[in-house]
Amino acid sequence: MYRSGDNVAMLVQNNVPLQAYNSFHIVAKAQALVRIASAQDVLDVLAAPHLAALPKFVLGGGSNIVLTGDVKSLVLKVETMGRRLVGEDARSYVVEAGAGENWHSFVSWTLTQGWPGLENMALIPGTVGGAPVQNIGAYGVELQDRFESLDAIDLQTGRVFTLKAAQCGFAYRDSVFKHDSAADLQMGHQAIGLRARALILRVRFALPKIWRPEVGYADLQRSMLTENCPEPSAQQIFEWVCAIRRSKLPDPAHIGNVGSFFKNPTVSPEQCVDIIARDPTVVHYPLPDGTIKLAAGWLIDACGWRGKSVGQAGVYTHQALVLVNRGSVDGPDGATGGEVMTLARAIQTSVYERFGIMLEPEPVVV
Ligand code: EPU
């Protein structure tokens, strides 16, 4: 126990097993971990000179990370809780949730409160605080479509600040929270990177008062047809999305995984013509900006990866875009981060050699 002040006791845990805290269930330890239940807990960390000086790693639900070894940075495990209606206007209910809240439970709760809008993103693993980091999305709705603002705390100064959507740099599975400032400068992008710099405390969502179902996705169209339900309720869509996900994606409670391992790439129409010439069955979707999105799962599948393994890291049999841990979720026999990354690189190489496309990993490699 480290005491940082007269009334404040902050627990720093050492050598904390992280297997239960990452959805790949990779065995690794945090050399030091502090649970963050409020902004005050961060201020206590910053007030302790030996902790303040350490590099920090913010851990949410661990559903979008690959641990490649023990974590030497100070792990700040986000456990800020609470959910409530904080405002409304003619168009929206503004609903706030603590970053440590479970995402799916939050989605489910908003529906029971009569505030639809998040149902297409049901059953995405992880926490509310992780959702803006990678701008989660599924079945035609992305977090940025429902985002109002968030509060975060600066891990250098302890200052709490609010960001609106335009300040979060949302893009497909991307945000300022995934980038370091320096790396961004090198890449010639915006210089504001908040990775390891900010900890998200709470997120607010604008949920539409005039709700319309988002059922453009082929899987949802099929559900509407087979169930003969042309005007589904939000609860109905929620249930369809849960059923579709359960049929395609492994449940991380039983099989370690981080969902889609690569982003779906976009190509120019010329590149797409070239790829169609190589394989006319390639799954592709034209985007409004004229580019074309390809299904990374299809590309990986076409290279014969489905069901293949490197050590205990494997390609999921029902969805080639998902890499899985073939070991148990709580035993020592599972995949290492090294095996996962070796498999990922082998997949990248073979897709590149066959289609000329370099797939970009979705999770953060730690
Ligand atoms: N496909 C194959 N073989 C495979 C996998 C997919 O041919 O092994 C084909 C499918 O038949 C389909 C197409 O590829 O025609 C796309 O597959 P799917 O509908 O399963 O969606 P996805 O593009 O693989 C994306 C998101 C998912 C999200 C779903 C639904 C990314 C990287 N992934 O997957 O998000 O749930 O759409 O919206 O954008 C996640 O990010 O972790 C995630 C699960």
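One-based numbering, in listed order, for ligands and for the atoms of each.
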Do any heavy atoms of [X] fall under 4.0 Å from ligand 1?
{"X": "Arg245", "result": "yes"}
{"X": "Arg173", "result": "yes"}
{"X": "Tyr285", "result": "yes"}
{"X": "Tyr316", "result": "no"}

>> Nearest non-hydrogen contact with atom 37 (O) of ligand 1 belongs to which option: Tyr139, Tyr172, Trp298, Tyr217?
In response: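 Considering heavy atoms of Tyr139, Tyr172, Trp298, Tyr217, the nearest to atom 37 (O) of ligand 1 sits in Tyr217.
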> So is His318 polar-close to ligand 1, meaning N/O to N/O under 3.5 Å?
Replying inline: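 His318 vs ligand 1: no N/O contact under 3.5 Å.
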>> Any nitrogen or oxygen of Ala320, side chain or backbone, less than 3.5 Å from one on ligand 1?
In response: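 So ligand 1 has an N or O lying under 3.5 Å from an N or O of Ala320.
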>> For atom 24 (O) of ligand 1, what's the nearest protein heavy-atom neighbour? Residue, atom name and distance, please.
In response: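 The protein heavy atom lying closest is Gln319 NE2, 2.8 Å.
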>> How far is atom 15 (O) of ligand 1 from the closest protein heavy atom, and which atom is that?
In response: Val283 CG1, 3.6 Å
> Between Ser23 and Asn257, is any side-chain donor less than 3.5 angstrom from a side-chain acceptor?
Replying inline: no
>> Can you see whether Thr80 engages Arg202 through a side-chain donor-acceptor pair at a distance of less than 3.5 angstrom?
In response: no
>> Can you tell me if Lys263 has over 12 outside heavy atoms packed within less than 6.0 Å of its NZ?
In response: yes
>> Quick check on atom 26 (C) of ligand 1 - does any protein heavy atom sit closer than 4.0 Å to it?
In response: yes
>> Protein heavy atoms near atom 11 (O) of ligand 1, is at least one of them under 4.0 angstrom away?
In response: no
> Mind checking whether Phe147 and Phe170 have parallel, tilted or perpendicular rings, split at 30° and 60°?
Replying inline: perpendicular
> Between Tyr217 and Tyr139, what is the ring plane arrangement, given parallel below 30°, perpendicular above 60°, and tilted in between?
Replying inline: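 Tyr217 vs Tyr139 ring planes: perpendicular.
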> Hey, which atoms in ligand 1 end up nearer than 4.0 Å to a heavy atom of Ala295?
Replying inline: 13 (C), 14 (O), 16 (C)
>> Within ligand 1, which atoms have a heavy atom of Phe262 less than 4.0 Å away?
In response: 32 (C)
